[in-house]
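To find a chain, count down the sequence lines: A is the first, B the second, and so on, and within it residues start at 1.
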2 protein chains.
Amino acid sequence: MTGWEDIRAEVQARIRSGVWPLGSAIPHEEDLARDFGCARATVNRALRALAAQGVLERRRKGGTRVLAVPVRKATVSIPVIRAEVEATGRRYSHQIIWQATGQENTLHLETLHLADDKPYAHEVRVLHLAVLPPLPDLTAISINEWLVTTVSYATGEIAFSAAAADAGQARALWVPTGTPLFVITRETRNAAAQVITKVLLAHAPGYHLRTTM
Amino acid sequence: MTGWEDIRAEVQARIRSGVWPLGSAIPHEEDLARDFGCARATVNRALRALAAQGVLERRRKGGTRVLAVPVRKATVSIPVIRAEVEATGRRYSHQIIWQATGQENTLHLETLHLADDKPYAHEVRVLHLAVLPPLPDLTAISINEWLVTTVSYATGEIAFSAAAADAGQARALWVPTGTPLFVITRETRNAAAQVITKVLLAHAPGYHLRTTM
DNA sequence: CATTGCATTATGTGCAGACATATTAACCTT
DNA sequence: AAGGTTAATATGTCTGCACATAATGCAATG
């Protein structure tokens, strides 16, 4: 009867109805557990879920409070491009347009990803070779895919934006210069906080990144 | 010594090293618990985290398997625009450019959000009044903000894309027609799956949506 | 008066056991 | 052989208990 989802819903209802105003502290887990007639672990699970959702803020000893500014959080999947293309029933391929070694043992790569031989996305990447195992044959597998399966879980920053196609992007994607492109930039670091790679990925017009709340 | 984070790391290491190849099934929670010398609940926590990350797929009775196609998941915050603007030290304001009632008890709203009196984002919204409480005075509080604090948790779809500014967006945002804009479209539904509102939000050039992995 | 140190407190996490539930596989029926 | 029923199984979750950990404030100390 009292699952943690029910408790999450109840807590959220109390926040919405003003019983626990925005910015205020809510009772301790133990009190809530007594209120709801369940174990503290159950309350804990519910409150942790709400914290992950951006509704609550929790701090040891500080207790739990309702965020003053509610934040909606959405989880987006950043798939391997090959899988993304093949999921729509199209055939994936990629071409390395240009590559060069740069300062400090870096490799610069310009890649075009294609779906049914039509341009799908244009990628510019800098790889820091010192923090990577030897590279494979890049004509067989895309760097993107190789990295995902090779490098242990890494942290990183992602940014989404819109930008006008520059000359290189325009040429690769068969669009006029200045065309709005959906751009994803990524910076990936390994466990030791060393930068592994930086990527700028510009998608051909019509691209949408979808998710649910 | 054996926290659930350690176990998550170990499982991830085994996947990366090929002990558990992509697409293969991994042992049951009970077996893993014996292997790692911990309780099943601890293994469960670790595996659930990995499933949320997009590394594993879990099904009752079906067991746990490594996803054939690794997916990176990132959580993005969709903040209230006022908070987003004020977080950068600027002053928020908004203007309702146009509004009209449409078919089936809907309200159409065109809003401009400003930061230090400069255009920040252009919003076009359709509200389904039948599934909402009475609206407040919209000059005092933006719809966006009112909805977040008023409507109980709702599901919805979000899509990010890049688009060329149309005439209305160009005029509102002080940019030439055709300028690349970062666009967020949202469709929000209540618990009964009824559509509450649809939004198209076009951000002024320079906008970035950031997140970490 | 500043600083260090300790006790307090709320959340974070672990464990063992139990039952719930979804899903598959095996079985039986027609 | 097709189809429906049943049993087996792995995950999902709850409970009650325990200890760990971080953060806060108070107190003792120099």
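In this structure, Glu29(B) atom CD and dT11(D) atom C1' are separated by 6 Å, rounded to whole Å. Between Lys61(B) atom NZ and dT9(D) atom P the separation is 7 Å, expressed in whole Å. One can place NE2 of His28(A) at 20 Å from P of dA22(D), the figure rounded to the nearest angstrom. Between Asp6(A) atom CG and dA20(C) atom P the separation is 16 Å, expressed in whole Å. Whole-Å rounding puts the Trp4(B) CH2 to dC15(C) C1' distance at 17 Å. Remark: P of dT15(D) and CZ of Arg34(A) are 15 Å apart, rounded to the nearest angstrom. The distance from atom CZ of Arg65(B) to atom P of dT24(C) is 11 Å, rounded to the nearest whole Å.
One finds a salt bridge joining Glu187(A) and Arg189(A) here, because a Lys/Arg side-chain nitrogen approaches an Asp/Glu carboxylate oxygen to under 4.0 Å. With respect to Arg65(A) and Glu57(A), no salt bridge is recorded, no charged nitrogen being found less than 4.0 Å from a carboxylate O. Using a 4.0 Å cut-off between charged side-chain N and carboxylate O, Arg91(B) and Glu86(B) make no salt bridge. A salt bridge is absent between Glu30(B) and Arg34(B): the closest approach of a Lys/Arg side-chain nitrogen to an acidic carboxylate oxygen does not fall below 4.0 angstrom. Remark: Arg186(B) does not engage Glu123(B) in a salt bridge, criterion side-chain N to carboxylate O under 4.0 Å.
For Thr2(A), no side-chain nitrogen or oxygen approaches OP1 or OP2 of dC14(D) to under 4.0 Å. For dG12(C), the OP1/OP2 oxygens have a side-chain nitrogen or oxygen of Arg58(A) closer than 4.0 Å. Regarding contacts with the backbone of dT13(C), every side-chain N or O of Thr42(B) stays at 4.0 angstrom or more from both OP1 and OP2. For the pair Arg59(B) and dT24(C), the criterion of a side-chain N or O lying under 4.0 Å from OP1 or OP2 is met. Dashed line: the shortest gap from a side-chain N or O of Thr64(A) to OP1 or OP2 of dT11(C) is under 4.0 Å.
Remark on DNA chain C: of its neighbouring residues Arg60(A) and Cys38(B), the 5'-side contact belongs to Arg60(A), judged by nearest-heavy-atom nucleotide. For Glu30(B) and Ala41(B), each mapped to the nucleotide of DNA chain D holding its nearest heavy atom, the one lying further toward the 5' end belongs to Glu30(B).
Of the residues in residues 43-52 of chain A, those lying under 4.0 Å from DNA chain D by heavy-atom distance are Arg45(A).
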### Task
Could you walk me through whether Val55(B) and Gln12(B) pass side chain to side chain contact (heavy atoms under 4.5 Å, CB included), step by step?
CA-CA 8 Å; Val55(B) 176; Gln12(B) 211 154 20; 3.8 Å; yes
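Within 4.0 Å (heavy atoms only), Gly63(A) reaches sugar-phosphate atoms of the nucleic acid but no base atom.
Here CZ of Phe36(B) is found 6.0 Å from CD1 of Ile7(B). Values are rounded to the nearest 0.5 Å.
For Arg40(B) against dT13(D), a side-chain N or O and a base N or O form a donor-acceptor pair under 3.5 Å.
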